[in-house]
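Just so we're on the same page: letters track the sequence lines, and every chain starts at 1.
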Amino acid sequence: MLKRSREKRTKELPALQNAIEGQVVTRLPPEPSGYPHIGHAYAGYINWFYARKYKGHLILRFEDTNPRNVQSEYYEAFKKGYRWMEIDWDEELNVSDDMPYFYDHAKQLLGRGDVYFCACPAEEISENRRKGRVCPHRQSNKENNQQIWDDIIDGKYEEGQIVCRLRIDMSHSNAVMRDPNIFRIIDYSHPIQGDRYRLWPTYDFANALEDYRNQISHVLRSNEFASRGELQAYIRDLFGYPQPVIQEWSRFSLEGSPVSKRKIRPLIESKKISGWDDIRLPTLSGLRRRGIIPEAIREMTREVGLSVAQPIVDWSLLLGINRKLVDAIANRYYCVTEPILVEISDGKQFSAEIPYHPDFSDRGARQITIKDHVHIDGQDAKQLSKGDIFRLKHAFNLQVEKKTAKSIKCVFAGDVLEQAELKIQWVTSDSIPVQLFVPDVLFIKDKFNPKSLQIIEGFGERTLMVLKSGTIVQLERKGFGYVERDGEKVKINLTE
RNA sequence: GCCCUGAUAGUGUAGCCAGGUCAAUCAUCAUGGGCUUUCGCCCCGUGGACCCGGGUUCGAAUCCCGGUCAGGGCACCA
């Protein structure tokens with residue numbers, strides 16, 4: 001079939017620098033503190049793509065070193081999300097399992113006097129760092145440090161009382177390098193480690209060492225970490241560890257669709273949206289329920305690429321790609337809204353045969369029997385006036401005899417198919433109620449869009465009853481949608 | 001306040017490092033037509049951009065300087 005010629009124009013991601021086949025190791029580094037969203041899918045696909053392209057190794061690594069953030073259900077949520085994206089990994093680990101490793105490295109630094117304990121309040125540390133000002137704690141000697149470390153472990157200090165800082169340079173131009181905090185006390189039970197630890201490494205310390213420990217060859221990440229790279233490299237240098245290749249791109253977002261918990265949680269709490277899988281959300285579960293397929297997200301990722309500009313992608317890019325991909329998948333069904341009764345005065349019984357897909361006759365067809373009336377869409381009815389001839393699609397022609405606000409009386413007008421005539425979808429009296437959920441952008445100029453979801457009551461052909469939740473269909477002339485069964489009720493989330 | 005990035009059609013993106021072949025690529029979008037028992041898909045055509053100012057050069061989207069705007073960082077978050 002020469003219709004489907006899409007493959008030839010999809011873009012590829014560029015070659016990776018310093019990549020040797022068989023020696024590329026990349027990582028999926030989620031923090032299990034929420035649900036996976038399109039940003040995770042984006043970064044995940046890039047890491048997966050290069051690991052596979054160079055026949056390398058992909059590690060799923062849960063960055064769970066802040067017990068106050070992480071929850072066990074999210075570990076599973078990420079695995080589910082990556083699997084849905086068809087991103088498979090070769091190895092799975094939790095950074096929190098490597099606490100002895102971090103402690104061992106910290107002890108080495110303690111012994112060398114590269115760190116000190118700082119008891120300044122958090123705001124003061126922050127202010128001093130901004131101003132490049134040194135605090136008195138910087139002068140402490142290393143013998144005391146060893147003792148303080150042990151005292152912290154023994155619980156002689158409270159959370160927030162003291163932190164462990166790396167002695168670098170308080171006047172460094174990159175403020176990240178101004179004696180960063182590498183360990184702090186968090187008295188909170190960890191979903192995997194329980195109460196075993198109270199002194200936890202910060203992101204830069206754990207990440208820098210963990211990348212070495214995992215023998216990561218290429219760190220592929222979004223550039224909100226750009227200025228931390230210098231510190232992470234410094235930490236590895238402290239131990240003489242080699243540096244991975246770092247490739248960064250800008251964090252990307254979909255227009256009007258924030259991914260941050262800060263913005264989404266209030267909407268859920270105030271019931272403006274239904275939950276983390278609301279079809280307006282760019283979470284993976286939201287996108288799935290909206291009828292977006294993983295390949296569309298992958299193609300969009302290739303299209304946007306590893307750009308360092310700040311992409312704010314319009315939904316039309318994702319939706320356009322999705323529509324083209326889903327066209328071949330989705331079987332066609334009839335559904336009408338604002339139904340208008342069409343009475344066929346001289347109606348004889350007619351059995352219509354409607355193919356499931358216009359391009360794939362092998363998918364078969366369903367038979368629907370029309371007796372003396374059908375319902376058509378209110379919008380279509382508006383276009384009809386007395387004397388008009390139109391066709392019930394895949395059935396026969398009718399001529400309008402009389403039209404009222406609620407119904408149209410018609411007379412049979414033959415079954416010869418005419419090219420130019422209006423062809424409209426219809427349902428019979430055994431149709432089922434269908435709820436259509438029509439999403440729109442969640443935020444307009446940073447404000448919640450109260451019209452972001454429209455719920456439309458419709459009537460669909462009975463055949464829809466047999467579809468399972470998760471099926472992607474096309475309601476002809478209404479759009480593609482994702483079917484959800486709610487007991488006997490059929491709900492369809494329209495993709496756009 | 002300081003530091004680091006970036007700026008190409010409505011949106012995203014290629015080109016920039018190694019200046020000419022760029023009257024600037026591709027996708028999406030818009031629009032006209034074809035195909036079609038859908039307003040979908042597919043096919044053909046059309047439309048639309050190098051942030052601003054200066055400099056270097058025979059020649060600048062590309063190099064240099066200044067500005068503007070945007071994003072990120074300066075967390076006991078990652």
Where protein sits on nucleotides 63-68 of chain B, one letter per nucleotide: B base, S sugar-phosphate only, - none, heavy atoms under 4.0 Å:
------

Reading nucleotides 10-15 of chain B from the 5' end, what letters show protein touch, with B for base, S for backbone sugar-phosphate only, - for no heavy atom under 4.0 Å?
-SBS--

Can you list everything that forms a ring pair (Phe, Tyr, Trp, His ring centres under 6.0 Å) with [X]? Sequence neighbours excluded, please.
X        : result
A/Phe390 : none
A/Tyr50  : none
A/Phe396 : A/Phe350, A/Phe412
A/His37  : A/His40

May I have the distance from [X] (atom [atom1]) to [N] (atom [atom2]), rounded to whole angstrom?
X        : N     : atom1 : atom2 : value
A/Tyr74  : B/A78 : OH    : P     : 17 Å
A/Tyr116 : B/C76 : OH    : P     : 12 Å
A/Arg262 : B/A75 : CZ    : P     : 18 Å
A/Glu124 : B/C76 : CD    : P     : 13 Å
A/Ile321 : B/C26 : CD1   : P     : 16 Å
A/Leu475 : B/U38 : CG    : P     : 16 Å
A/Glu496 : B/U28 : CD    : P     : 13 Å
A/Tyr75  : B/A78 : OH    : P     : 13 Å

Mind checking [X] for me? I need base, sugar-phosphate or nothing, with any heavy atom below 4.0 Å counting as a touch.
X        : result
A/Cys120 : base
A/Arg323 : sugar-phosphate
A/Pro358 : base
A/Glu159 : nothing
A/Gln474 : base
A/Asn128 : nothing
A/Phe183 : nothing

Taking only nitrogen or oxygen atoms into account, show me every contact under 3.5 Å that the protein makes with nucleotides 2-4 of chain B, one pair per line with its distance.
| from | atom 1 | to | atom 2 | distance (Å) |
| --- | --- | --- | --- | --- |
| B/C3 | O4' | A/Ser173 | O | 3.4 |

Is A/Lys263 salt-bridged to A/Asp446, going by a charged N under 4.0 Å from an acidic O?
yes

Nearest-Å distance once atom [atom1] is located in both [N] and [M]:
N     : M     : atom1 : value
B/C44 : B/U28 : P     : 12 Å
B/A61 : B/C17 : C1'   : 14 Å
B/G48 : B/C29 : C1'   : 10 Å
B/A30 : B/U37 : C1'   : 28 Å
B/G45 : B/C35 : C1'   : 15 Å
B/A7  : B/C16 : C1'   : 13 Å
B/A49 : B/A27 : C1'   : 15 Å
B/C50 : B/A23 : P     : 13 Å

Find out whether A/Lys478 and A/Asp377 are in side-chain contact, i.e. whether some heavy atom of one side chain is under 4.5 Å from a heavy atom of the other.
yes

Test of understanding: with salt bridge (charged side-chain N to carboxylate O under 4.0 Å, His left out), list the residues that count as partners of A/Lys107, not counting sequence neighbours.
none

Please determine, for the side chain of [X], which listed nucleotide ([options]) has the closest atom?
X        : options             : value
A/Arg129 : B/C77, B/U37, B/C74 : B/C74
A/Ile125 : B/C76, B/G72, B/G40 : B/C76
A/Ala122 : B/C74, B/U37, B/C76 : B/C76
A/Val176 : B/C29, B/C74, B/A78 : B/C74

Please walk me through it: do A/Leu317 and A/Met300 pass side-chain contact (heavy atoms from CB on, under 4.5 Å)?
CA-CA 7 Å; A/Leu317 180 65; A/Met300 183 202 65; 4.1 Å; yes

Secondary-structure stems, RNA chain B, at least 3 Watson-Crick or G-U base pairs under 3.5 Å:
B:1-7 with B:68-74, B:10-12 with B:26-28, B:29-34 with B:42-47, B:51-55 with B:63-67

Interatomic distance, A/Thr26 atom OG1 to A/Leu220 atom CG [nearest 0.5 angstrom]:
6.0 Å

A/Arg184 side-chain N/O to B/A75 phosphate OP1/OP2 under 4.0 Å:
no

Scan residues 32-44 of chain A against RNA chain B and write down, sorted by residue number, each residue with any heavy atom closer than 4.0 Å; if none is found, say none.
none

How would you list all residue pairs meeting ring pair (Phe, Tyr, Trp, His ring centres under 6.0 Å) that involve residues 294-324 of chain A, not counting sequence neighbours?
none

Can you tell me which residue among A/Lys131, A/Arg129, A/Arg130 is in a salt bridge (charged side-chain N to carboxylate O under 4.0 Å, His left out) with A/Glu127?
A/Lys131

Parallel, tilted or perpendicular, judged at 30° and 60°: which one describes the rings of A/Tyr197 and A/Trp200?
perpendicular

Could you label the plane-to-plane angle of the A/Trp149 and A/Phe183 rings as parallel, tilted or perpendicular, counting under 30° as parallel and over 60° as perpendicular?
perpendicular

Test item: A/Asn174 side-chain N/O and A/Val176 main-chain N/O as donor-acceptor pair under 3.5 Å
yes

Mark yes or no for whether A/Asp388, through its side chain, and A/Ser385, through its backbone, hold a donor-acceptor pair below 3.5 Å.
yes

When you match A/Asn66 and A/Glu224 each to their closest nucleotide on RNA chain B, which lands nearer the 5' end?
A/Glu224

Verdict with supporting geometry, A/Ser189 and A/Asp195, side chain to side chain donor-acceptor pair (under 3.5 Å)
CA-CA 5 Å; A/Ser189 191; A/Asp195 298 317; 3.2 Å; yes

Between the base of B/U37 and the side chain of A/Gln419, is one N or O donor paired with an acceptor at under 3.5 angstrom?
no

Distance under 6.0 Å and angle within 45° of ring axis: A/Arg332 vs A/Tyr356
no

Cation-pi, A/Tyr333 ring and A/Arg366 (6.0 angstrom, 45 degrees):
yes

According to the salt bridge (Lys or Arg N to Asp or Glu O under 4.0 Å) rule, which pairs have a member within residues 164-187 of chain A, sequence neighbours left out?
A/Arg138-A/Asp179, A/Asp187-A/Arg198

